[in-house]
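See structure below.
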Amino acid sequence: MSDAPEEWRGDAHQAEQHVVRARDLFQRGRLADAETEMRRALAIDPGRGDWHHNLAVTLEALGKPAEALAAYERAAELLPQHVPSVLGAAQCQIRLGRPEECIKLCERAAALDRKAEPAYAMRIAAFGMLRKPDDAEGVYYVAQQYLDEMPSCLVEMGNVLANRNQLARAAWCYREALAQNPTMKGVRTRLGVALLRMGETERAHHALLQAMREQPGDSATLLALGGALELLGRVPEALEKYRRIVELEPANPLAHVRIGDIALKAARLDEARAEYTLVLSLGLRDIGVRMRLVETLLRLGLRAEAATQMDAEFARRKVSADSAIARDADLAWAICGYALECGRPAVAAKIAEASLKRNGTQARLWLRLSRARCELGQLALGVRAAMRAHRIDRTSVEAFHNVALAWLRMGRLRGARIAVAMGMRASPADEGLRRIRTRLWAARAMRKIAPLLSMCGMSRVSSPRS
């Protein structure tokens, strides 16, 4: 017994009419109405596998991959030899982030039809998602045995190679795919991005201009073209491309980031602040954007607001040695600097320690840790970190700064004097060391006259009694 509403039930002729209407609505872009008509048809005759397939295609176009997957699976049950339904289910599994399931379905499709190129292309993509590039390449070579032309496989193999930074091979794949199928959408943009990353800016610019002629309003192409124009020094043209994206997609975060970056470089700090704040409000979780906002606020003199942003990112966040921040010594060093400027030495120490577990020979990170420890009042640990930096880089004047200041605060004037002397041998004209030396002289003088002052104080107190 069907669970469909009473008004949906009818005979086979009515079901066929629903299907015809659904096809017409789909072609006119009225996808939700097309879905309704297909469901009405299936309520009358639920045993039609081809109709379940059509419903799945409609649901996929509506952006409902989970529902589409169920419809494809039902179609494949009713039509066990229907390769498009199996491939449709595989595509939905990819979209749902289930690459292992996609691989199984693609293997089934390939067993049914050895010349079904999507069965190989989606497997390459799935292995790429699983970070198994060797398996992806293996599928690529298997596909060559059965297919004379395989543009989709070439594109997916290019994507896997690009993710591994094998950019020359990726660019070759994209070019070969275009040679086999010049009408493939998005491939010239991928080629242009690969060439940009290779440093071949002029060639990238040419490829992206071609892509723009094919897809004038494509945001990814406009974004990549803007990047090429920036590298060519044509910043106003690049800004025009980014603003065009914002006209087409007002909530496009990447375009707003690029506009903010251009404003920051040009010292238009209020504009940069507005763009970065908007990006974060759009929900883009990107530490780079947050740190650029922190830099902007610091340059505007808004230290308290910068500290608030730093707290929003790191107050409750653990930074492990395996995190992206810790792996990238340059990023860790920069964030530590912002944290120290914001008055957040604990954050700086946390990041520096995590990164040093992987980058223990980075003297500049040891120096940031030294300063953070000193600002936290952990002077002995600060000295230890600075001495570690000095052992790595004997020319580092900042290490002598940190050691001298820490020992000065600890009252160890002899150690401070030695650190200043060693530093000034390395850099006699260093103003920071000269200022520390002046403070040291004053501290030593005060230490010498302190007993005399104490005696004078006692004499003044006792003289009225005598």
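Computed from a predicted model, the values in this text were never measured in an experiment.
- Just one residue in the list Gln93, Met129, Arg108, Arg123 forms a side chain to side chain contact (heavy atoms under 4.5 Å, CB included) with Ile103, and that residue is Arg123.
- Side-chain N or O atoms of Gln309 include none that pairs as donor or acceptor with a backbone N or O of Leu293 at under 3.5 Å.
- No donor-acceptor pair under 3.5 Å is formed between the side chain of Arg368 and the backbone N or O of Ala348.
- Side chain of Asn359 to backbone of Ser355: a donor-acceptor contact under 3.5 angstrom is found.
- Between Glu247 and Arg243 there is no salt bridge, since no side-chain nitrogen of the basic residue lies less than 4.0 Å from a carboxylate oxygen of the acidic one.
- Between Trp366 and Thr361, the closest side-chain pair of non-hydrogen atoms is not below 4.5 Å.
- Side chain of Thr221 to main chain of Gly217: no donor-acceptor pair is present (N/O by atom type, distance under 3.5 Å, no hydrogens or angles).
- The shortest distance between side-chain heavy atoms of Cys342 and Leu298 falls below 4.5 Å.
- Using a distance-only test at 3.5 Å, with no hydrogens or angles considered, no donor-acceptor pair links the side chain of Thr277 to the main chain of Ala274.
- With contacts defined as side-chain heavy-atom distances shorter than 4.5 Å, the pair Tyr72/Leu105 does not qualify.
- Checked by atom type and distance alone, the side chain of Lys185 never pairs as donor or acceptor with a backbone atom of Gln215 at under 3.5 Å.
- At least one donor-acceptor pair under 3.5 Å links the side chain of Arg197 to the backbone N or O of Ala162.
- Proximity of a side-chain donor or acceptor of Arg327 to a complementary backbone N or O of Asp322 within less than 3.5 Å is detected.
- Within a 6.0 Å radius of CZ in Arg234, more than 12 heavy atoms belonging to other residues, nucleotides or ligands are found.
- The side-chain hydrogen bond (donor to acceptor under 3.5 Å, both in side chains) test applied to Arg131 returns no partner, not counting sequence neighbours.
- Applying the 6.0 Å contact sphere to CZ of Arg244 captures no more than 12 heavy atoms from other residues, nucleotides or ligands.
- The pair Arg273-Glu305 meets the salt-bridge criterion, with a side-chain N (NZ, NE, NH1 or NH2) lying under 4.0 Å from an Asp/Glu carboxylate O.
- Residues Glu271 and Arg268 are paired through a salt bridge, judged by an N-O separation under 4.0 Å between the basic side chain and the carboxylate.
- In this structure, CG in Leu231 is found 5.0 Å from OG1 in Thr201, a value given to the nearest 0.5 Å.
- Tyr140 places no side-chain N or O within donor-acceptor distance of the main-chain N or O of Tyr120, the cut-off being under 3.5 Å.
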